[in-house]
Amino acid sequence: MDLFDEQEREAGLQPLAPGAALLRGHARSRGDALVAAVHDIAAASPFRHLVTPGGHRMSVATTSCGTLGWHSDEGGYRYTARDPHTGHPWPALPELFVALARDAAERAGFPGFVPDACLINRYQPGTRLTLHQDRNERDECAPIVSVSLGIPATFLFGGLQRSDPVRRLRLVHGDVVVWGGPSRFVFHGVQPLMHAEHPLTGACRINLTFRRAG
DNA sequence: AAGTATCG
DNA sequence: CGGA
């Protein structure tokens with residue numbers, strides 16, 4: 001291990017692939033405020049279970065904030081300016097969210113990232129996300145910034161082909177994963193959530209994924 | 001299609 | 001486990 005690797009480790013930066021990194025504990029000190037903001041957002045745009053284009057109910061519950069929010073139904077995946085559930089615009093991105101996403105992206109090698117959408121996923125025991133790619137965002141140059149809050153989960157980080165080997169990463173409260181550039185379209189997912197309790201979130205895990213969708 | 005069951 |  002050379003000096004550069006040691007410095008990365010001290011900074012909590014663990015490279016995963018070209019353009020992808022795990023920032024261990026990067027959001028931990030802001031965990032309380034992030035969870036409080038999620039509660040405020042969910043009061044305006046409640047968590048709901050979306051349906052895939054194939055007609056299957058997703059086990060994860062979702063909401064969004066930002067100028068665009070992610071939606072799925074029998075007609076497909078898309079971003080919308082209004083919450084289809086309420087008919088109102090999505091709640092605004094809190095400044096805390098924007099600053100966190102920008103800072104994490106910069107540390108991972110993507111300076112100047114300004115997200116306009118944050119998909120918020122709520123996992124409860126048994127909730128999973130099968131291997132998929134994020135490909136509904138207009139800006140394919142901007143990275144994805146993923147923030148883990150609450151109880152731990154096993155994140156699946158694959159490659160550009162579904163059949164590529166998958167790395168299993170245990171993500172805990174405050175961990176941040178960033179992927180972009182040559183890793184922008186990697187397949188990823190989450191293993192079924194195990195039962196546990198976290199003082200801030202109870203028996204659930206909250207994941208924030210920041211994107212440049214418009 | 002971000003899901004599931006089933007098979008080799 | 002990977003593919004259908």
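Note that the coordinates shown come from a computational prediction; the quantities given were computed from them, not determined experimentally. Note that these values count all heavy atoms, side chains included, but never hydrogens, waters or copies made by symmetry. So you know, we letter chains A, B, ... as the sequences are listed, proteins then strands, and number each from 1.
Contact annotation for A:Asn136: base contact, defined as any heavy-atom pair under 4.0 Å involving a base atom. The residue A:Ser163 sits close only to the backbone: its heavy atoms come under 4.0 Å of sugar-phosphate atoms, none of a base.
The CD-C1' distance, from A:Gln161 to C:dG3, rounds to 14 Å in whole Å. Rounded to whole angstrom, the span from the CZ atom of A:Arg128 across to the P atom of B:dG3 amounts to 9 Å. Computed from coordinates, the A:His56 NE2 to B:dA1 C1' distance equals 10 Å when rounded to whole Å.
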Checklist entry - For DNA chain B, what dot-bracket results from Watson-Crick or G-U pairs at under 3.5 Å, with [ ] for crossers and | for inter-strand partners? => result ......||
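In terms of heavy-atom proximity, A:Met58 sits nearest to A:Leu129 at CE-CD1, 3.7 Å. Of all heavy-atom pairs between A:Ala33 and A:Leu96, the closest is CB-CD2, 3.6 Å.
A close approach under 4.0 Å does not occur between any side-chain nitrogen or oxygen of A:Arg162 and OP1 or OP2 of C:dC1. For A:Arg168, a side-chain nitrogen or oxygen approaches OP1 or OP2 of C:dC1 to under 4.0 Å. Proximity of A:Thr130 to the phosphate of B:dG3: a side-chain N or O atom is located under 4.0 Å from OP1 or OP2.
By the 6.0 Å contact criterion, CZ on A:Arg138 is open, its count of non-hydrogen atoms from other residues, nucleotides or ligands being 12 or less.
In this pair, A:His132 and A:His188 present their aromatic rings tilted. The plane angle is within the 30 to 60° band.
For the pairing with A:Ile41, the side-chain contact (heavy atoms from CB on, under 4.5 Å) check across A:Ser64, A:Cys118, A:Pro91, A:Pro46 returns one residue only, A:Pro91.
Linking ILVMFWY side-chain heavy atoms closer than 4.5 Å, directly or via other members, places A:Phe97 and A:Val114 in two distinct hydrophobic clusters.
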